[in-house]
Amino acid sequence: MEKENKIILAFPRSGTKLLANIYTQQGYHNFGEFFNSYSSTIIDSDPPYAVRLPIDQQNEIDSQKLKRGSRVNSWTHTLITEHRISIFEKFKDITPSIVTVWIATFNLLPESVNLLNTRSVLCLRRRNKFEQLLSRCLTLDQYNHDNEIPSTPRKIDADQFNHAFKSLLKLEKLQDYCVNNLKGQYVDFDSLVLGNADLGFTYTIDTTDQHTDLESLVLNLDEIKKRYKILHELYNVGWDI
């Protein structure tokens, strides 16, 4: 039976790397975060794939964003995203293969949502949204997406937390659309890390999450908990508090 090409649609810190690695175990070519121009680069091979940039280069991209202004910076990354999609189009029919896409890609280039029509969509979700948002903010601040350095305690910026909350909410609405209208399925993060997610095959876990005690890493935890509750009530979401 021919394996179906996949796309991982998820919010950061929900196990996307783990899920992609699991499919790699099944013989899939992993394109990685192919359209993520902010923190990945493309390896020019046949077929190509994306790898995460070193921490200093990610920091430089963010520094340029502040220096040049977000509007100019966004246009630059829109052009990069367009170019990467044109590269992907040449290899998209390689079977089996899997690619990860973030909500930021659709914000930069709305027509890129058409990517979701060409593959079966794996909508990865984490049950504890508050922990996921903490993990996102801590990781984004320290650039330790792949556990290159240990996380250290620090304050979380309230505006950054607001942005992450709204981005997660927007992403989950898109996931719902994929499951209800396209070839999409939910994948539970908690089941995934325990090794028993329903993927249609058995798999093994070969990575770990460096954020095992998130609340101890947040110096202004009470402030962020209060902010989460306010946003929860404002947007009337069904997430746990």
Side-chain angles (χ1 to χ4, degrees), residues 8-16 33 35-40 52 55 58-78 81 100-110 112-113 123-145 151-178 186 189-190 209-241:
I8 300 174
L9 176 64
F11 192 76
R13 311 309 299 166
S14 59
T16 55
E33 300 171 16
F35 316 112
N36 178 12
S37 60
Y38 286 97
S39 58
S40 76
R52 186 149 324 252
I55 291 174
Q58 294 181 51
N59 189 25
E60 177 62 22
I61 288 175
D62 282 350
S63 297
Q64 290 301 317
K65 182 193 303 182
L66 295 174
K67 290 177 182 177
R68 298 174 59 191
S70 59
R71 183 173 299 177
V72 173
N73 186 265
S74 293
W75 178 243
T76 299
H77 285 278
T78 297
T81 301
T100 300
V101 63
W102 305 119
I103 192 69
T105 299
F106 306 127
N107 292 337
L108 287 171
L109 195 67
S112 61
V113 75
C123 299
L124 190 53
R125 284 192 173 180
R126 190 164 173 166
R127 296 176 204 171
N128 192 320
K129 312 299 184 185
F130 183 64
E131 282 193 356
Q132 182 175 5
L133 290 167
L134 292 185
S135 184
R136 170 58 174 164
C137 291
L138 288 166
T139 301
L140 193 62
D141 188 39
Q142 303 184 61
Y143 304 106
N144 56 343
H145 305 274
S151 296
T152 55
R154 62 190 56 211
K155 286 186 176 181
I156 288 179
D157 181 84
D159 289 337
Q160 184 187 72
F161 186 84
N162 287 355
H163 177 74
F165 184 101
K166 289 183 280 189
S167 293
L168 176 56
L169 184 61
K170 182 177 180 180
L171 184 278
E172 290 206 344
K173 289 183 180 298
L174 182 55
Q175 288 180 328
D176 289 338
Y177 176 81
C178 290
Y186 296 116
F189 166 83
D190 301 87
D209 187 351
Q210 73 270 30
H211 288 161
T212 56
D213 189 10
L214 285 161
E215 293 194 0
S216 69
L217 296 172
V218 183
L219 297 177
N220 57 334
L221 182 61
D222 289 341
E223 176 193 359
I224 297 303
K225 280 185 173 180
K226 185 180 295 185
R227 181 59 58 96
Y228 180 70
K229 185 175 181 179
I230 291 172
L231 291 169
H232 191 282
E233 294 174 353
L234 178 63
Y235 290 96
N236 192 29
V237 294
W239 301 341
D240 291 339
I241 296 180

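These numbers come from the heavy atoms of this one structure, side chains and all, not from hydrogens, waters or symmetry mates.
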Spatial distance of atom CG (Leu133) from atom CD (Gln160) [nearest 0.5 Å] = 10.5 Å

Nearest-0.5 Å distance that lies between atom CZ in Arg13 and atom CG in Leu214 = 8.5 Å

Would a 4.5 Å heavy-atom cut-off, applied to side chains only, mark Cys178 and Leu9 as touching?
-> yes

Heavy-atom nearest pair, Phe11 first then Ser167, reads CE1-CB, 3.7 Å

When you look at Val101 and Ile8, which way does the side-chain contact (heavy atoms from CB on, under 4.5 Å) test go after all the steps?
-> CA-CA 6 Å; Val101 63; Ile8 300 174; over 6 Å; no

What's the spacing between Asp157 CG and Ile224 CD1 if we round to 0.5 Å?
-> 7.5 Å

Nearest heavy-atom neighbours spanning Ser14 and Leu124 = O-CD2, 2.9 Å

What is the minimum heavy-atom distance between Ser39 and Glu33, and which atoms define it?
-> OG-OE1, 4.4 Å

Please step through salt bridge (Lys or Arg N to Asp or Glu O under 4.0 Å) for the pair Glu172 and Arg126, ending with a clear verdict.
-> CA-CA 11 Å; Glu172 290 206 344; Arg126 190 164 173 166; over 6 Å; no

Taking side chain as C-beta onward, heavy atoms only, is Arg136 less than 4.5 Å from Phe161?
-> no

Residues which pass ring-ring contact (aromatic ring centres under 6.0 Å, His included) with Trp239, listed by chain and number, not counting sequence neighbours | Phe165

Charged N-O contact under 4.0 Å between Lys155 and Glu223 = no

Evaluate the side-chain proximity of Trp102 to Thr16: yes if any heavy-atom separation is below 4.5 Å, no if none is.
-> yes

Kindly assign one of parallel, tilted or perpendicular to the pair His77 and Tyr38, based on the angle between their ring planes and the thresholds 30° and 60°.
-> parallel

Would you say Asn128 and Phe189 make side-chain contact, with heavy atoms under 4.5 Å?
-> no

Specify the closest pair of heavy atoms between Leu108 and Thr78, including all atoms of both residues, with the distance to one decimal.
-> O-OG1, 3.3 Å

Could you tell me the separation between the CG atom of Leu168 and the NZ atom of Lys170, rounded to the nearest 0.5 Å?
-> 12.5 Å

Roughly how far, to the nearest 0.5 Å, is the CZ atom of Arg227 from the CG atom of Asp222?
-> 13.5 Å

Between the CG atom in Leu109 and the OG atom in Ser37, the distance rounded to the nearest 0.5 Å is 10.5 Å

Of all heavy-atom pairs between Ala10 and Gln175, which one has the smallest distance, and what is that distance?
-> CA-NE2, 3.8 Å

With distance as the sole criterion, is a donor-acceptor pair present between the side chains of Tyr186 and Asp176 under 3.5 Å?
-> yes

For Leu217 and Thr152, what are the C-alpha separation, side-chain angles and deciding distance, and is it a side-chain contact (heavy atoms from CB on, under 4.5 Å)?
-> CA-CA 6 Å; Leu217 296 172; Thr152 55; 5.9 Å; no

Would Asn36 and Arg52 satisfy side-chain contact (heavy atoms from CB on, under 4.5 Å), going step by step from the backbone distance to the final call?
-> CA-CA 9 Å; Asn36 178 12; Arg52 186 149 324 252; 4.3 Å; yes

Answer yes or no: is there a side-chain heavy-atom contact under 4.5 Å between Glu215 and Glu131?
-> no

Ser216 and Asp213, any side-chain heavy atoms less than 4.5 Å apart | yes

Report yes if the side chains of Ser112 and Phe35 come closer than 4.5 Å at any heavy-atom pair, otherwise no.
-> no

